[in-house]
**Q** 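Got a structure here, written out as C-alpha cells. Questions coming.
So that the names make sense, note that chain A is the first sequence line, chain B the second, and so on, each numbered from 1. Keep in mind that this is a model prediction, so the values were computed, not measured.
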Amino acid sequence: MATNIQEEERSLNFIEEIVEEDLRAGKYASILTRFPPEPNGYLHIGHAKSIALNFGLAQKYGGKTNLRFDDTNPVTEDTEYVDSIKEDIKWLGFEWAHELYASDYFEQLYEFAIILINKGLAYVDDSTSEQIAAQKGTPTEPGQESPFRNRSADENLQLFADMRAGKYKEGEKVLRAKVDMASPNMLMRDPIIYRIKHAHHHRTGDEWCIYPLYDFAHGQSDSIEGITHSICTLEFISHRPLYDWFIEKLEIFPSKQYEFARLNITYMVMSKRKFLQLVNEKFVSDWDDPRMPTISGMRRRGFTPGSIKNFAERIGVQKRDTLIDMSLLEFCIREDLNKKALRRMVVFDPLKIVITNYNGTELLKSEDNPEDENTSVRDVPFSRELYIEREDFMEHPPKKYFRLAPGQKVRLKSAYIIQCDEAIKDNKGNITELRCSYIPESKSGSDTSGIKVQGTLHWVSVAHAITVELRLYDRLFKVEDPSNEEGDFKDYINPDSLQVIQAAYAEPALRKAKFDERYQFLRKGYFCLDKDGSEEKMVFNRTVTLKDTWAKEKKKD
RNA sequence: UGCCCGAUAGUAUAAUGGUAGUACGUCAGAUUCUGGCUCUGAAUGUUGGGGUUCGAGCCCUCAUCGGGCAACCA
C-alpha cells in the first residue's frame, strides 16, 4: 500500500508546521535558529528539550543553529558556565554554526539606542527604581508618564553618552523606550532598556558600565544574526510585542519569536534557582549529583545522549504547561541501554550457598548481550561456594514465588540447575547459608536433564568475587509536583533518594569496567562506572532499575 | 479586576469539517536460562452550554477551569 510510508511519518509539531509553511512560501531560503543560554548556571534536561528543538529543526530543514550566550547581566554570569554549557551541548551531539555572545553586540546595541533616541522613541529617566515602579500602574490601571519623558533628543543623547562614560552611579539614570504608559501589556509601559552597572563583565571586562536589558538585547541579537525562527519559552509571550516593536522601529531584519512550553517532569524540580538551593543546602553533593536533572548529573547517572534526544522527541512541543510522567524518561533510557549494556552478575545482598555435590572450579560462558545476535561471550567462574541474592530465597514462599525455597529448583544463570536441600541457621534463627545440590546434566547450553524450572538467578563465585560500591538512586522528591505543593519544595525531598551499598559482590569480568561502557547487572538494573571510584574500589551508579513486575505483584498483598 | 495564552484517556501526543488513533503507564495473558526484552489482548478520552453545517475534537459564541503578565533578571 502506497499510503503506508506516509502514515509512518511522524506528524509535525506546531513549530515545524510554521517552518514548513515559511519555506513553502519562499519566505526564507533556509532557516537559522539559535540556542540562547544565559551563562549563569548549568544546563538541565529542560534546556535539552530546547536544544533538541532548535538544533533538530535546523537539521531537519537543512538550516543552521547558532549558540549565543545571553550575557547582558555581568553580575550573575561567568565563563565557568560558558564552558560547561558548551560541553553539555557537544555531549548531546549537536554542533553550532557560530559561537556568539550578546556582548559581541554591545556597540551595535548602543547605536540602536541612539537611533531610538533620535526618533524620539527613547529617553533618559532620572527617576528612582521605586518611582518607576509606581509610574507603571497596575494591570487594571494605566501608568503615569515620567516627568523626564519629554526631554529633547539632544539632551537625551548627551545624557546617554554620559551614562556610558561613567558619570553616574548605579540606579541614578536609566534609558527607557517610549512606548505607551497606558498599554494593557505592562511590558510596553516604557520599559527600561539600559541600566548602569559598574561591574566587571566576563568578556568585555570594564569596557562598559551600561548594559542593555534582555528585551533590548535578545531580539536585536536575533536580527543581527539573521535568525529566522527565534524559539523561546511561554513566559516570553507577553514580550513578543516589544520584540517586534524594536525590530520595527529600528527597521532591521524581522526575526520572529515563537513560544513553547518549558519541560516539567514528575518528581523533579526544574529551575536553576531551586538547583542552587539543593546544592548550597547540601541536599545533593553538587550540580552533577546523579540525582540532579542537570545534563551533567544525568550524564554521570548514566543517561545517554540518544535517550535524552529520544525523550525530547517523544514529549513533543506544546503551547500549554505540561507535566511529563517520569516513567517516560525511564522508558527511554531503558530502551537505549537494553540494546547497549553489557550483562554482568552482581550480588547486592549476599547469601552464601554451598553446592555440596560439586568440587573444583570451571569457567562458564555467558552472553554479554542477548539482544545482540553477534554478542560477545565472557567467562564466568563457577565453584562450590557461591553468593546469591538474599531475597532470592524464602523459607516459606508465597504462591508464584519462582525463586529458591527448600526443596525447590532454580537455574543459576549460564550455569546449572540447583536444588535447595537445607537452610542453615544461626542460634537466632537467621539463615546463614544454604546447602544445595546441582544437576550435572543441566549445564547451560548442553542441558539434557529435561528439567524445567520457573526461575533463574544471578550469582557470583565466592572465591572469585570482587567487591564494588553501588550507589542506588531514586527520585529526589516524594511527590509528583514538588513546586506546586504547600510550603517549601524542599519539604518534599525523598530521604531515600540515595542508598549506598559499600560492598556488593561482582563477577570478576567487571574489574575491566570502563567509563564509556554501560552495564546491566542482571535482574537488578543499569549501571555505569562513577568517577569517585578507584582501581581497588570501583563505584557504580545505578542509572535506572529494570522493570520489576514481581515487585508489583508483591505490593498487591 | 485589565490584557495575553491554553484545554483530547492517568500522563503526553495525533486527527487541519468526514471511522477519535499512537506512545508511556495500568490491567490480563503468552513467551523466557534476566519476574528484563519481545508478543497478544483489555480498560480509560474530546471541560460545559448554545450556534453554523448533511456532518464539529476542529469553525463561531458564551461560560468554566488552568497558566502567564506590574525585576534597573533572563
**Q** Which is true for A:P37 with a 4.0 Å heavy-atom rule: it touches a base, it touches only sugar-phosphate, or it touches nothing?
**A** nothing

**Q** Give the rounded distance in Å between these two atoms: CD of A:Q318 and P of B:rG66.
**A** 20 Å

**Q** Between A:D104 and A:R203, is there a side-chain N and carboxylate O pair less than 4.0 Å apart?
**A** yes

**Q** Look at the side chain of A:R403 and the base of B:rG35, then say whether one donor and one acceptor between them are separated by less than 3.5 Å.
**A** yes

**Q** Taking A:K443 first and then A:D447, would you say they form a salt bridge - that is, a charged N and a carboxylate O separated by under 4.0 Å?
**A** no

**Q** Would you indicate whether the side-chain heavy atoms of A:C209 and A:R164 approach each other to under 4.5 Å?
**A** no

**Q** Taking atom P in both B:rA63 and B:rU26, compute the distance separating them and give it to the nearest angstrom.
**A** 42 Å

**Q** Whole Å only: how far is the CG atom of A:L329 from the P atom of B:rA12?
**A** 14 Å

**Q** Taking only Lys NZ, Arg NE, NH1 and NH2, and the carboxylate oxygens of Asp or Glu, determine whether A:E259 and A:K319 approach each other closer than 4.0 Å.
**A** no

**Q** Which residues in residues 236-244 of chain A have a heavy atom closer than 4.0 Å to any atom of RNA chain B?
**A** A:F236, A:I237, A:H239

**Q** Which nucleotide in the set B:rA14, B:rG35, B:rU13 lies at the smallest distance from any side-chain heavy atom of A:T322?
**A** B:rU13

**Q** Please write out the pairs of protein N or O atoms and N or O atoms of nucleotides 38-42 of chain B separated by less than 3.5 Å, giving the distance to one decimal.
**A**
none

**Q** Rounding to a whole Å, what distance do you find between A:Q131:CD and B:rC72:P?
**A** 13 Å

**Q** Can you check the A:M345 CE to B:rG36 C1' distance for me, whole Å?
**A** 15 Å

**Q** Nearest whole angstrom, please: distance from the C1' of B:rG25 to the CD1 of A:I324.
**A** 13 Å

**Q** Is it true that A:F260 and A:F14 have ring centroids separated by less than 6.0 Å?
**A** no

**Q** Between A:F246 and A:F112 (judged by ring centroids, cut-off 6.0 Å), do the two rings come close enough to count as a pair?
**A** no

**Q** Could you check if a side-chain atom of A:K309 sits within less than 4.5 angstrom of a side-chain atom of A:E313, using non-hydrogen atoms only?
**A** no

**Q** For the pair made of CZ in A:R411 and C1' in B:rU32, what is the distance, rounded to whole Å?
**A** 12 Å

**Q** Any side-chain N or O of A:T549 below 4.0 angstrom from OP1/OP2 of B:rG36?
**A** yes

**Q** Using atom NE2 of A:H201 as one end and atom P of B:rC73 as the other, report the distance to the nearest whole Å.
**A** 13 Å

**Q** Any side-chain N or O of A:R343 less than 4.0 Å from the OP1 or OP2 oxygen of B:rU34?
**A** no

**Q** Is A:Y194 reaching over with its side chain to a backbone N or O of A:Y110, donor-acceptor style, under 3.5 angstrom?
**A** yes

**Q** Please give the distance between the C1' atoms of B:rA23 and B:rU44 as a whole number of Å.
**A** 15 Å

**Q** Would A:D125 and A:K173 count as a salt bridge (Lys or Arg N to Asp or Glu O under 4.0 Å) here? Give the steps.
**A** CA-CA 6 Å; A:D125 195 332; A:K173 286 186 165 44; over 6 Å; no

**Q** Please enumerate all protein N or O atoms sitting under 3.5 Å from an N or O of nucleotides 8-10 of chain B, with distances to 0.1 Å.
**A**
residue: B:rU8; atom: OP2; partner: A:R320; partner atom: NH1; Å: 2.3
residue: B:rU8; atom: OP2; partner: A:R320; partner atom: NH2; Å: 3.4

**Q** For a side-chain hydrogen bond (donor to acceptor under 3.5 Å, both in side chains) with A:R523, tell me which candidate from A:T456, A:T545, A:D392 qualifies.
**A** A:D392

**Q** Assess the pair A:F540 and A:F527: is the distance between their ring centroids shorter than 6.0 Å?
**A** no

**Q** Is the shortest distance from a Lys or Arg side-chain nitrogen in A:R518 or A:D336 to a carboxylate oxygen in the other one below 4.0 Å?
**A** no

**Q** Output yes when A:K365 and A:D379 qualify as a salt bridge under the 4.0 Å nitrogen-oxygen rule, no when they do not.
**A** yes

**Q** Between B:rC54 and B:rC62, how far apart are the two C1' atoms, rounded to whole Å?
**A** 26 Å

**Q** What's the closest nucleotide to the A:I132 side chain, out of B:rA74, B:rC72, B:rG35?
**A** B:rC72

**Q** Do A:Q520 and B:rU34 have a side chain to base donor-acceptor pair shorter than 3.5 Å?
**A** yes

**Q** Determine: side-chain N/O of A:K339 to OP1/OP2 of B:rC37, distance under 4.0 Å, yes or no.
**A** no

**Q** In terms of relative ring orientation, are A:Y243 and A:H218 parallel, tilted or perpendicular, with 30° and 60° separating the classes?
**A** tilted

**Q** Mind checking the C1' distance from B:rC65 to B:rU8? Whole angstroms is fine.
**A** 15 Å

**Q** Planes under 30° and centres closer than 5.5 Å, is that true for A:W550 with the base of B:rG35?
**A** yes

**Q** Under 3.5 Å, which N/O atoms of the protein pair with N/O atoms of nucleotides 27-29 of chain B?
**A**
residue: B:rA28; atom: OP1; partner: A:K556; partner atom: NZ; Å: 3.2
residue: B:rA28; atom: OP2; partner: A:K556; partner atom: NZ; Å: 3.4

**Q** Taking the side chain of A:K547 as its heavy atoms from C-beta onward, which of B:rU13, B:rA74, B:rG25 lies nearest to it?
**A** B:rG25

**Q** Got a salt bridge between A:D368 and A:R344, using NZ or NE/NH1/NH2 to carboxylate O under 4.0 Å?
**A** yes

**Q** Give me the distance, rounded to whole Å, that separates B:rA9 from B:rC3 when you measure between the C1' atoms they each carry.
**A** 34 Å

**Q** Determine the Euclidean distance between corresponding C1' atoms of B:rC27 and B:rU34; express it in Å to zero decimal places.
**A** 23 Å

**Q** Going through the checks in order, is the side-chain contact (heavy atoms from CB on, under 4.5 Å) test met by A:F382 and A:V460?
**A** CA-CA 8 Å; A:F382 182 86; A:V460 295; over 6 Å; no

**Q** Does A:S129 have a side-chain nitrogen or oxygen under 4.0 Å from the phosphate oxygens OP1 or OP2 of B:rC72?
**A** yes

**Q** For RNA chain B, which ranges pair as stems of 3 or more consecutive Watson-Crick or G-U pairs, with both donor-acceptor distances under 3.5 Å?
**A** B:2-7 with B:64-69, B:10-13 with B:21-24, B:26-30 with B:38-42, B:47-51 with B:59-63

**Q** Please state how far atom CG in A:N484 lies from atom C1' in B:rG68, giving the value in whole angstrom units.
**A** 13 Å

**Q** Does a side-chain N or O of A:T140 approach OP1 or OP2 of B:rC3 to a distance below 4.0 Å, or not?
**A** no

**Q** Going by number, which of residues 448-459 of chain A have a non-hydrogen atom under 4.0 Å from RNA chain B?
**A** A:T456

**Q** When rounded to the nearest Å, what value does the distance between P atoms of B:rG18 and B:rA74 take?
**A** 46 Å

**Q** Describe the nucleic acid contact of A:D548 in one word from base, sugar-phosphate, nothing, applying a heavy-atom distance below 4.0 Å.
**A** sugar-phosphate

**Q** Do any side-chain nitrogens or oxygens of A:R195 fall under 4.0 Å of OP1 or OP2 in B:rA71?
**A** no

